[in-house]
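Step one of this worksheet: look at the structure below.
Computed from a predicted structure; not experimentally measured. Residue numbers start at 1 and run along the sequence shown.
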Amino acid sequence: MQLVEKKTCKQHCQKKIMFLPHELIIQILLWLPVKSLIRFKCVCKSWFSLISHDPHFTNSHFQLTATTTPNHKILFISTFPFETLSINFEPLLDDYNASVSLNLECIFPEYPTHFEIKGSCRGFILFCCSSKIYIWNPSTGVHRQIPISPFGGSKLDVDYFYGFGYDHSAEDYLVVLMSHHDSDNPPLHLEYFSLRGNTWNEVEGPHYRYTDRNIHTGEPRGGLLYNGAIHWLAYRDDLQTEVIVAFDLMEKKLSYMLLPCSPMHCSLWVYGEFLSVYTTDYSNDTVVIFVMNEYKVNSSWTMTLALPVDVIPVEDFSPLCCTKIGDIVGTDDGDDGSGLVKYDKNGQFLEHHSYTNDDFRCQVTMYVESLLSLPSDGDNHQA
């Protein structure tokens, strides 16, 4: 009798331990990384529905990880052969356990050509492939093809800029095109595609042109997302100088800022919390970094660091991002574009590592892992 009572008591305790309130389960899941949550979708139907289709959960998870333990990645994509590699740059660059291959081939019915990454926002990547525009979440495989603009801004015979960002006021992702053609009147054409509205919209632009500062490359420029706006380096015709032009995603307006240095060999990036410009000083074998301490205040530009590049094999460097402790990570700009370099926050060289031996240049971008879906994405596909 006593043995039966003990057994019944033990079974009762096990049942009590196994039960957790649904609200508590949600709170536990919110703290898990994206990779684990994707695996846990197969636990039960309610978890699958929560992780895959509950916008409140996915948004809460994104906001929580963004403020606590953001899981930023660097993505390499090569087209010959067609391969993808996602790298966690927080640990040592040669830690192969921190890198993983991703499946992108499922998006394309045939072998892709002329692949160009144009932007990254909230876990999604904008890219062009064979004159088509796609948005892709590398973490979940969700993707969507953007329809061709009816306004003609995406024609191949015009000089144009790409942008991709998120309008928080409308909870909407926007694909932005800024273009010009000699026969246009006005000379600048500005338009954006709203994923929530599933439509292209025209914006009245200024009566002067912004032209691509790298027009000789023949590649449309991808914009830098910062502070709710998309930024490009461009030549402003009426001022006859290079500037930073910004498109505000909420107000749908253009503005511009002056550069702190010669426009030759300079590019944009985000250094910590600041809009930043880096330029190559070939006479001193350094990459010089300027930051704009107060956004849109031209007088607030400050030279912050000079990174030595004679310590890496190709002596060329383009910063991409910063680690949690302030280390600077970027590409080595070699022939294949598949190497990463890391400096500490004081500009001291730490390490260099190459990831492929291909003879073709890779496309590189940074993204953050997320479970987010796209608005009005009933036509999306899951990889």
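- Within the 4.5 Å cutoff, the side chain of L195 has heavy atoms near those of the V175 side chain.
- In this structure, the side chain of W200 does not engage the main chain of S194 through any donor-acceptor pair within 3.5 Å.
- A donor-acceptor distance shorter than 3.5 angstrom exists from the side chain of T140 to the backbone of V142, with no hydrogens or angles considered.
- Note that CG of L307 is 10.5 Å distant from OG1 of T304, once rounded to the nearest 0.5 Å.
- Contact check for Y278 versus S318: side-chain heavy atoms found under the 4.5 Å cut-off.
- In terms of heavy atoms, A246 sits closest to A229 at CB-CB, 4.4 Å.
- In this structure, CZ on R236 lies 10.5 Å from OG1 on T241, to the nearest 0.5 angstrom.
- Side-chain heavy atoms closer than 4.5 Å link hydrophobic residues (I, L, V, M, F, W, Y) into clusters, and following such links, possibly through other members, connects L50 to V43.
- Annotation: Y173 is in aromatic contact with F124 [ring centroid separation under 6.0 Å].
- For the residue pair N284 and T286, no side-chain donor N or O sits within less than 3.5 Å of a side-chain acceptor on the partner.
- Under the side chain to side chain donor-acceptor pair (under 3.5 Å) criterion, the residue pairs touching residues 54-63 are N59-R122, with sequence neighbours excluded.
- Minimum heavy-atom separation, E90 to T323: OE1-CB, 3.3 Å.
- With hydrogens and angles ignored, the 3.5 Å screen pairs a side-chain donor or acceptor of H231 with a backbone N or O of L224.
- Under the 3.5 Å distance criterion, the side-chain polar atoms of W232 are matched with a main-chain donor or acceptor of Y162.
- Using a 4.5 Å heavy-atom cutoff, the side chains of Y343 and V309 are in contact.
- The CZ atom of F247 sits 7.0 Å away from atom OH of Y192, with the distance rounded to the nearest 0.5 Å.
- Checked against a 6.0 Å centroid threshold, the rings of F164 and Y166 do not count as neighbours.
- Taking NZ from K118 and CG from L177, the interatomic distance works out to 10.5 Å, rounded to the nearest 0.5 Å.
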Exercise. Evaluate the side chain to side chain donor-acceptor pair (under 3.5 Å) criterion for residues S276 and W269: first the C-alpha distance (whole Å), next the side-chain angles of each, then the deciding distance (0.1 Å), finally the verdict.
Key: CA-CA 5 Å; S276 179; W269 74 305; 2.9 Å; yes
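- Closest approach of S300 to N293, counting heavy atoms only: O-ND2, 2.9 Å.
- Side-chain heavy atoms closer than 4.5 Å link hydrophobic residues (I, L, V, M, F, W, Y) into clusters, and following such links, even through other members, never connects F48 to I38.
- Hydrophobic clustering places V270 together with V288 (ILVMFWY residues linked when any side-chain heavy atoms are closer than 4.5 Å, directly or through intermediates).
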Exercise. Given side-chain contact (heavy atoms from CB on, under 4.5 Å), test L249 with L225 step by step and report yes or no.
Key: CA-CA 10 Å; L249 292 164; L225 179 62; 3.7 Å; yes
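- Proximity of S86 to I74: side-chain heavy atoms (C-beta onward) are nowhere separated by under 4.5 Å.
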Quiz prompt | I312/F317 under side-chain contact (heavy atoms from CB on, under 4.5 Å): CA gap, chis, key distance, verdict | solution = CA-CA 9 Å; I312 58 179; F317 175 71; 4.2 Å; yes
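- In this structure, the side chains of S255 and K296 come closer than 4.5 Å at one or more pairs of heavy atoms.
- Minimum heavy-atom separation, L233 to C266: CD1-O, 3.4 Å.
- Atom CD in E191 sits 12.5 Å away from atom CG in L174 (nearest 0.5 Å).
- Atom NZ of K252 has more than 12 heavy atoms from other residues, nucleotides or ligands within 6.0 Å.
- Cluster membership check: Y282 does not share its hydrophobic cluster with M303, using side-chain heavy-atom separations under 4.5 Å among Ile, Leu, Val, Met, Phe, Trp and Tyr.
- Between the side chain of S52 and the backbone N or O of S49, no donor-acceptor pair lies under 3.5 Å.
- Distance alone, capped at 3.5 Å, is enough to place a donor-acceptor pair between the Q363 side chain and the I117 backbone.
- Remark: E204 CD is loosely packed, at most 12 non-hydrogen atoms of other residues, nucleotides or ligands lying under 6.0 Å away.
- A heavy-atom distance below 4.5 Å is not found between the side chains of L126 and W136.
- Of the possible donor and acceptor atoms, none in the side chain of D167 sits under 3.5 Å from a partner among the backbone N and O of E171.
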Practice problem: Take F57 and L29 through the test side-chain contact (heavy atoms from CB on, under 4.5 Å) and record every step on the way to the result. | Solution: CA-CA 9 Å; F57 176 83; L29 293 177; 3.9 Å; yes
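- Nearest heavy-atom pair, G272 versus C322, reported as atom, atom and distance to 0.1 Å: N-SG, 3.9 Å.
- For the pair K342 and F89, the cation-pi test (distance below 6.0 Å, angle within 45°) is failed.
- Checked against the 6.0 Å centroid threshold, Y295 and Y226 count as a close aromatic pair.
- Within the model, atoms CG of D327 and CD of Q348 stand 11.5 Å from one another, a figure rounded to the nearest 0.5 Å.
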Quiz item: Please walk me through it: do V368 and K73 pass side-chain contact (heavy atoms from CB on, under 4.5 Å)?
Solution: CA-CA 6 Å; V368 60; K73 305 282 188 177; over 6 Å; no
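- Classification of D237 and R209 as a salt-bridged pair holds, one side-chain N sitting under 4.0 Å from a carboxylate O.
- The side-chain heavy atoms of L32 and L30, taken from C-beta on, include no pair separated by under 4.5 Å.
- Cluster annotation: I328 is not connected to L350 through the hydrophobic network of ILVMFWY side chains, with a link wherever side-chain heavy atoms come within less than 4.5 Å.
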Self-check item: side chain to side chain donor-acceptor pair (under 3.5 Å) between H143 and N137, intermediate numbers included
Solution: CA-CA 6 Å; H143 59 276; N137 185 331; over 6 Å; no
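- Put simply, the side chain of S120 gets close to the backbone of M366: a donor and an acceptor are under 3.5 Å apart.
- A cation-pi arrangement is not found for R144 relative to Y134, the charged atom failing to lie both closer than 6.0 Å to the ring centre and inside a 45° cone about the ring normal.
- Heavy-atom minimum distance, K345 versus I325: CD-O, 4.0 Å.
- Here the side chains of I26 and H22 are in contact, with some heavy-atom distance below 4.5 Å.
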